[in-house]
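Both counts, for ligands and for their atoms, begin at 1 and track the order of listing.
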Amino acid sequence: MIDLKNILDFDINELRNWMKENGEKEFRAKQIFDWIYKDCFEFDQMRNLPESLRKKLKEKLYVGIPEVVEKYKSRDGDTNKFLFRYMDGNIIETVVMHYKHGNSICVSTQFGCRMGCSFCASTVNGMVRNMTCGEILGQILAARKEIGERISNIVLMGTGEPLDNFENVLKFIDLTNADYGFNIGQRHITLSTCGLVPQIKKLADMNYQITLAVSLHAPNDKIRIEMMPIANKYPINEILDACRYYIDKTNRRITFEYALIKGKNNSPENAAELADILKGMLCHVNLIPVNTVVENGFSKPSPEEVNTFCGLLAKRGIETTVRREMGSDINAACGQLRRSYLKDQRSD
Ligand code: SF4
């Protein structure tokens with residue numbers, strides 16, 4: 001069987017080159033992308049292409065839209081969650097959240113994750129492989145077709161550590177940014193990392209205008225190591241230095257994600273320590289009352305405890321928000337749906 005290539009992995013120049021190499025006119029590349037971004041994923045339905053080109057395309061390329069395995073809508077209707085299956089059988093989950101300012105999609109970047117964060121269901125079975133840029137992009141095309149609405153913001157915060165899949169993720173950002181594609185501005189894209197220091201610096205040097213969200217989750221290395229094995233490699237002071245470098249280079253405010261876990265990192269002393277280490281930085285703290293994951297026994301602090309923590313940071317001049325809980329009735333927290341699906345498959 002010929003190894004078909006996913007056309008979504010191509011940018012416009014690569015597709016133009018493909019046309020040239022295959023004896024076709026370069027302008028066909030733009031026509032094909034026009035169809036794909038209008039949700040037409042079958043070469044046979046691209047009516048302005050000659051029959052001979054459609055045949056050639058089918059012989060060598062495919063439009064890598066993942067198949068919907070399961071889909072859920074939250075009771076309030078604001079969250080849609082999809083389990084998608086790719087050609088090789090790998091499964092990921094994608095969430096679309098409806099806000100007043102538009103639809104925001106949370107995409108996965110790897111099949112599984114090797115970072116091992118103790119509060120996260122995505123990592124329980126380790127990592128299978130990186131997703132290609134086209135596979136990451138396929139989530140947006142598939143989800144948009146399902147909901148029938150425009151997507152205006154992208155969050156790279158699903159399964160996987162985006163900076164552990166650096167080249168594919170950067171190309172994905174370029175593709176979503178492109179005027180022949182979704183045309184989503186970089187400022188509408190947020191990349192979340194568990195704190196891979198060399199990659200944060202590398203990203204800073206590339207001068208993208210995306211928002212960087214760093215999963216800090218602890219005010220000191222002692223607690224962080226218990227939650228995130230990556231903390232053994234990169235201590236908090238190195239991460240914060242990399243973040244300052246990022247701010248200097250890009251002039252962008254950093255978001256620090258902080259999953260509040262009852263009895264672990266939510267004491268008033270933890271809040272004071274967090275305020276100390278972030279003092280004077282162009283940053284913002286996003287508190288996330290953690291969703292309970294059965295495997296690790298973590299539980300969610302009470303709303304009063306969350307408010308106290310938030311208030312203590314605010315008093316110290318740290319801009320802080322509490323993430324609005326969305327879709328908890330459909331397992332919307334990172335990796336939970338994929339995890340329960342894989343578990344069900346194994347027990348069949
Ligand atoms: S929180 Fe992110 S980096 Fe950590 S294991 Fe989960 S997917 Fe990986």
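Counting backbone and side-chain atoms alike, C120 contributes no N/O/S atom closer than 2.8 Å to atom 4 (Fe) of ligand 1.
Distances below 4.0 Å separate heavy atoms of C117 from the following atoms of ligand 1: 1 (S), 4 (Fe), 5 (S). Each of the atoms 5 (S) of ligand 1 lies under 4.0 Å from some heavy atom of T123. Close contacts between ligand 1 and G160 involve ligand atoms 7 (S) [criterion: under 4.0 Å to a heavy atom]. Proximity to M115 (heavy-atom distance under 4.0 Å) selects the following atoms of ligand 1: 3 (S), 8 (Fe).
Taking the centre and axis of the six-membered ring of F10, the NZ or CZ atom of K5 falls outside the cone set by 45° and 6.0 Å.
If you look at F256 and H217, their ring centroids are not closer than 6.0 Å.
A donor-acceptor pair is defined here as one N or O able to donate and one able to accept, closer than 3.5 Å; no such pair exists between the side chain of E238 and the backbone of P235. The closest donor-acceptor contact from the side chain of N168 to the backbone of M131 lies under 3.5 Å.
With respect to F33, the ring pair (Phe, Tyr, Trp, His ring centres under 6.0 Å) criterion is satisfied by exactly one of F27, F41, F182, Y180: Y180.
Proximity annotation for atom 8 (Fe) of ligand 1: of G195, C194, C113, S122, C113 comes nearest, heavy atoms only.
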